[in-house]
Asker: 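I have a structure here, written as structure tokens, and I will follow up with some questions on it.
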Amino acid sequence: MTTNESSIPTDFIRNIINEDLRNNKNDGRVHTRFPPEPNGYLHIGHAKSICLNFGIAAQYNGLCNLRFDDTNPSKEEEEYVQSIIEDVRWLGFDWDDRLFYASDYFEQMYEYAVQLVKAGKAYVDDLSADEIKEYRGTLTSLGKESPYRNRSVEENLDLLERMRAGEFENGSRVLRAKIDMSSPNLNLRDPAMYRILHAEHHRTGDKWCIYPMYDWAHGLEDSIEMITHSICTLEFEDHRPLYDWFLDELGAYHPQQIEFARLNLTYTVMSKRKLLQLVEEGYVNGWDDPRMPTISGLRRRGYTPESIRTFCERIGIAKTDSTIDIALLEHCIREDLNKRAPRVMGVLRPLRVVIDNYPENEKEELDAINNPEDPDAGIRKVPFSRVIYIEQDDFREDPPKKFFRLAPGREVRLRYAYFITCTDVVKDEHGEIVELHCTYDPASRGGNSPDGRKVKGTIHWVSADHAIEAEVRLYDRLLAVANPAGDENGKDFKSYLNPDSLETVTGYVEPSLAGAAPLSRYQFERLGYFCVDSQDSTKEKLVFNRTITLRDSWAKIEQKL
RNA sequence: AGCCGGGUAGUGUAGUGGUAGCACAACGGCCUUUGGAGCCGUCCGCUCGGGUUCGAAUCCCGGCCCGGCUGCCA
């Protein structure tokens, strides 16, 4: 991909890399990696990490690997592998032939483990999980050594071999690093390196029944791939001494681990556990539900890769725990789509309007500009006729102050069409407005006013006879509060789900939209940006997802009235 | 409580010894055939107390506050 390097703001990680480059550390190489565990779908928080790692590689003329950290077969699945590959690629990044799997290194890791055992730095422990926990001590009390801690190298080697051979049951033994049971850093109190897990691995099948723990595996993966800067999130800060210990004891190539703060977004939950819960308990329709903060959800919602990358650039990188205002994400997609999305007209909540002085059975084609932000986008024809639909919101029988749209006796402009004046309001037996009668000024064709008279409002419309019916899904924030994970009141995040996060309406769109391709994006003038649904839209029945509304300054004015 | 990390406008983020910049948000105005977009402007900040220095957001000491850590998860 092309990266405008000068536009990338600096941050403490790039500062470290600059310094390393100055000192010719790693012979001037920059090599990062994005190492997801294939146990869920990628979300916008991962995008931050992806943009960081791939972005740094691009900026410094380095490389970035895509590596699956598949060390726990009980949680990982091939489905996730595929979705992750698709999502990273969609975001615009490329790893050439450097797609790796931690599981490809299992043999090498085992050999390293044998090396550590031989050096007297690791041992097989027969303690149960509960006992190990007990022996570990607490944040304030020291741990104590396992009675198995001082087995001979020969015995450890034999036991480790038999662990691998499958002689023992799940949980009956672990291989532990022999470090320091009294370390104030709990991670250093003889951490487990291998656990016994008789489980089918999605790539290695039943070849292994012992699997490496994260701390043991991750540094080795980085080392094997000759990573220079191993960037991870803050919660691994306490693990860095362990990362360093393993690599130092082994005398292996030693990348530098650097931690940064993960992304939090207002009105959003980000943990895989919570997202999984939303999917499994049916609060949303799958991982790619357009309300989900997953990459696949954002894609289906209509977000562009560019907008997500811009967002990731603007939020910055630091070590401070922070929560980004979702308004920034929304700003980024509006900004991008404003430049590129073709404009069309669509009416979501139709109100029938009959233009009494317009001839029946007549139809004319009016010119409409495809994108005022892009002169090259050209123009298109929009059909106009005697009966049209306008938005219910664009008419008020009793208009409040500053309401510029249609009202009895008032004149407005129909976008690209004519000036019309409302002459009559038709209601049903419940007093609901069902139809408007208007007259039009033939001299105002195209929306111009030859006599120079001004109208305050311009509204959108579609021709009733020519418009296409479409299902439109109006999305709003999934969560109703800014900090749903806050738990201040001890409430579960699900109690903050927004009951109105999805409203489905049947609307009418102009005929130029016939056959619109899945995932194509449009601005419905005055309403917002909409994207053709990738799953449910067909030639016969269009389905649109609302990506985001336009900024609505009338709503603000109205609020203050 | 022990260890580790962090505190710069409302929210984020630059600035690493020369007196604080950017983005979003908010607010006001201009403009407009989208109450969109754009343009202009306004508001708002260095966690506190000492110290070093001609000079401190930056260095030192102490306090306060926030986050992470007691999986055979990652």
Side-chain angles (χ1 to χ4, degrees), chain A residues 9-12 15 35-37 39 69 71-72 74-76 125 127-130 132-133 136-143 170-176 183-189 191-197 210-211 213-215 217-218 232-241 259 261 266 272 313-332 334-335 338-339 343 345 368-369 372-373 402-405 413-417 419 444 446-449 455-460 482 523-528 549-558:
Chain A
T10 191
D11 55 65
F12 80 98
N15 289 345
E37 182 190 13
N39 69 344
D69 204 2
T71 57
N72 185 358
S74 65
K75 290 187 177 175
E76 297 153 5
D125 197 345
L127 252 29
S128 71
D130 284 344
I132 285 183
K133 184 175 177 177
R136 183 162 34 232
T138 69
L139 294 176
T140 48
S141 66
L142 301 183
N170 285 356
S172 58
R173 272 174 244 260
V174 290
L175 181 71
R176 290 230 254 171
S183 171
N185 183 342
L186 293 268
N187 296 122
L188 263 21
R189 318 247 261 229
M193 295 165 59
Y194 278 102
R195 75 283 212 181
I196 299 172
L197 216 55
I210 58 172
Y211 289 93
M213 300 291 293
Y214 171 87
D215 286 312
H218 205 86
C232 61
T233 44
L234 245 32
E235 68 270 26
F236 293 105
E237 213 159 12
D238 290 340
H239 296 243
R240 185 170 4 109
E259 312 85 14
T266 56
K272 276 188 192 172
E313 226 167 73
R314 289 192 188 164
I315 57 178
I317 300 293
K319 297 190 74 159
T320 322
D321 283 303
S322 62
T323 302
I324 307 289
D325 191 336
I326 188 90
L328 180 58
L329 213 213
E330 296 175 344
H331 167 80
C332 290
R334 283 195 186 104
E335 179 183 57
N338 175 51
K339 286 179 301 195
R343 271 60 168 173
M345 289 195 285
I369 295 168
E373 303 291 321
K402 293 186 180 172
F403 183 84
F404 300 153
R405 285 111 91 147
R413 171 167 38 232
L414 293 177
R415 178 84 155 151
Y416 299 128
F419 284 14
S444 63
N448 304 303
S449 57
V455 289
K456 286 280 243 197
T458 299
I459 65 176
H460 61 276
Q523 182 195 106
F524 288 8
E525 293 217 23
R526 302 210 306 131
L527 295 175
T549 61
L550 255 27
R551 293 186 66 203
D552 187 352
S553 44
W554 163 243
K556 279 183 190 170
I557 295 168
E558 195 178 25

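First the proteins, then the strands, lettered A, B, ... as listed; each starts at 1. The structure presented is a predicted model; accordingly, all values stated were derived computationally and were not measured.
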Asker: When we call it a touch if two heavy atoms are under 4.0 Å apart, what does A/F403 touch: a base, just sugar-phosphate, or nothing?
Answerer: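 Base contact.
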Asker: Report the nucleotide, chosen from B/rA25, B/rA37, B/rU34, that has the shortest atom-to-atom distance to any side-chain atom of A/E373.
Answerer: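 Taking heavy atoms from C-beta onward, the closest nucleotide is B/rA37.
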Asker: Quick one: does A/R551's side chain have a donor or acceptor within less than 3.5 Å of a partner on A/H331's backbone?
Answerer: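 No, A/R551 side chain to A/H331 backbone: no donor-acceptor pair under 3.5 Å.
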Asker: Is there a donor N/O on one and an acceptor N/O on the other, under 3.5 Å, for the side chain of A/R405 and the base of B/rG35?
Answerer: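 A donor-acceptor contact between them is present.
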Asker: Who passes salt bridge (Lys or Arg N to Asp or Glu O under 4.0 Å) against A/D238, sequence neighbours left out?
Answerer: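 A/D238 satisfies salt bridge (Lys or Arg N to Asp or Glu O under 4.0 Å) with no residue once adjacent residues are dropped.
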Asker: Scan nucleotides 3-16 of chain B nucleotide by nucleotide, 5' to 3', and note B when protein non-hydrogen atoms come under 4.0 Å of the base, S if they reach only the sugar-phosphate, - if neither.
Answerer: SSSS----SSSSS-
Asker: So A/Q523, base contact, sugar-phosphate only, or nothing? Heavy-atom distance under 4.0 Å.
Answerer: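 Counting heavy atoms under 4.0 Å across all strands, the contact made by A/Q523 includes a base.
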Asker: Can you list the residues that meet the salt bridge (Lys or Arg N to Asp or Glu O under 4.0 Å) rule with A/R526, with sequence neighbours excluded?
Answerer: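 For A/R526 the salt bridge (Lys or Arg N to Asp or Glu O under 4.0 Å) partners, ignoring immediate neighbours, are A/D394.
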Asker: Over all strands shown, is A/P372 touching base, sugar-phosphate only, or nothing at heavy-atom distances under 4.0 angstrom?
Answerer: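 Result for A/P372 = base.
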Asker: Scan nucleotides 71-73 of chain B against the protein and return all N/O pairs shorter than 3.5 Å with their distances rounded to 0.1 Å.
Answerer:
| unit_1 | atom_1 | unit_2 | atom_2 | d |
| --- | --- | --- | --- | --- |
| B/rG71 | OP2 | A/R136 | NH2 | 2.8 |
| B/rC72 | OP1 | A/R136 | NH2 | 3.4 |
| B/rC72 | OP2 | A/R136 | NH1 | 3.2 |
| B/rC72 | N3 | A/G171 | O | 3.2 |
| B/rC72 | N4 | A/L127 | O | 3.0 |
| B/rC72 | N4 | A/A129 | N | 3.0 |
| B/rC72 | N4 | A/G171 | O | 3.0 |
| B/rC73 | OP2 | A/R195 | NE | 3.0 |
| B/rC73 | OP2 | A/R195 | NH2 | 3.0 |
| B/rC73 | O3' | A/R195 | NH2 | 3.1 |
| B/rC73 | O2' | A/N72 | ND2 | 3.1 |

Asker: Counting side-chain heavy atoms from CB outward, which of B/rA25, B/rG2, B/rG35 is closest to A/H331?
Answerer: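 So the side chain of A/H331 is nearest to B/rA25.
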Asker: If I take atom CG in residue A/L139 and atom P in nucleotide B/rG67, what distance separates them, rounded to the nearest angstrom?
Answerer: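 It is 15 Å, rounded to the nearest whole Å.
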Asker: Grab the NZ-P distance between A/K339 and B/rG36 for me, whole Å please.
Answerer: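 Going from NZ in A/K339 over to P in B/rG36 covers 19 Å.
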Asker: Quick one: stems involving RNA chain B, counted as three or more successive Watson-Crick or G-U pairs, both distances short of 3.5 Å.
Answerer: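 If one scans RNA chain B for consecutive Watson-Crick or G-U pairs, the stems found are B:2-7 with B:64-69, B:10-13 with B:21-24, B:26-30 with B:38-42, B:47-51 with B:59-63.
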Asker: Sequence neighbours left out, what passes salt bridge (Lys or Arg N to Asp or Glu O under 4.0 Å) with A/E76? Give chain and number order.
Answerer: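 Checked A/E76 against salt bridge (Lys or Arg N to Asp or Glu O under 4.0 Å); zero matches.
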Asker: Taking the side chain of A/R551 as heavy atoms from C-beta outward, which of B/rC69, B/rA25, B/rG35 is closest to it?
Answerer: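 My answer, after comparing the listed nucleotides, is B/rA25.
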Asker: With sugar-phosphate meaning primed atoms plus P, OP1 and OP2, does A/H218 contact a base, only sugar-phosphate, or nothing at under 4.0 Å between heavy atoms?
Answerer: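 No contact.
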Asker: Which is true for A/K456 with a 4.0 Å heavy-atom rule: it touches a base, it touches only sugar-phosphate, or it touches nothing?
Answerer: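 No contact at all - A/K456 keeps every heavy atom at 4.0 Å or more from the nucleic acid.
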Asker: Please classify the nucleic acid contact of A/R413 as base, sugar-phosphate, or nothing, using heavy-atom distances under 4.0 Å.
Answerer: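 Result for A/R413 = base.
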Asker: Need one value for A/R189: base, sugar-phosphate or nothing, where a base atom within 4.0 Å counts as base even if backbone is also close, heavy atoms only.
Answerer: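 Counting heavy atoms under 4.0 Å across all strands, no contact is made by A/R189.
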Asker: Is it true that A/K75 and A/E37 make a salt bridge, defined as a side-chain N closer than 4.0 Å to a carboxylate O?
Answerer: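 Salt bridge between A/K75 and A/E37, a charged N being under 4.0 Å from a carboxylate O: no.
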Asker: What is the nucleic acid contact for A/I557, judged by heavy atoms within less than 4.0 Å: base, sugar-phosphate only, or nothing?
Answerer: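 A/I557: base contact, heavy atoms under 4.0 Å.
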Asker: Using whole Å, report how far CZ of A/R334 lies from C1' of B/rA23.
Answerer: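 Atom-to-atom, A/R334 to B/rA23, this comes out as 16 Å.
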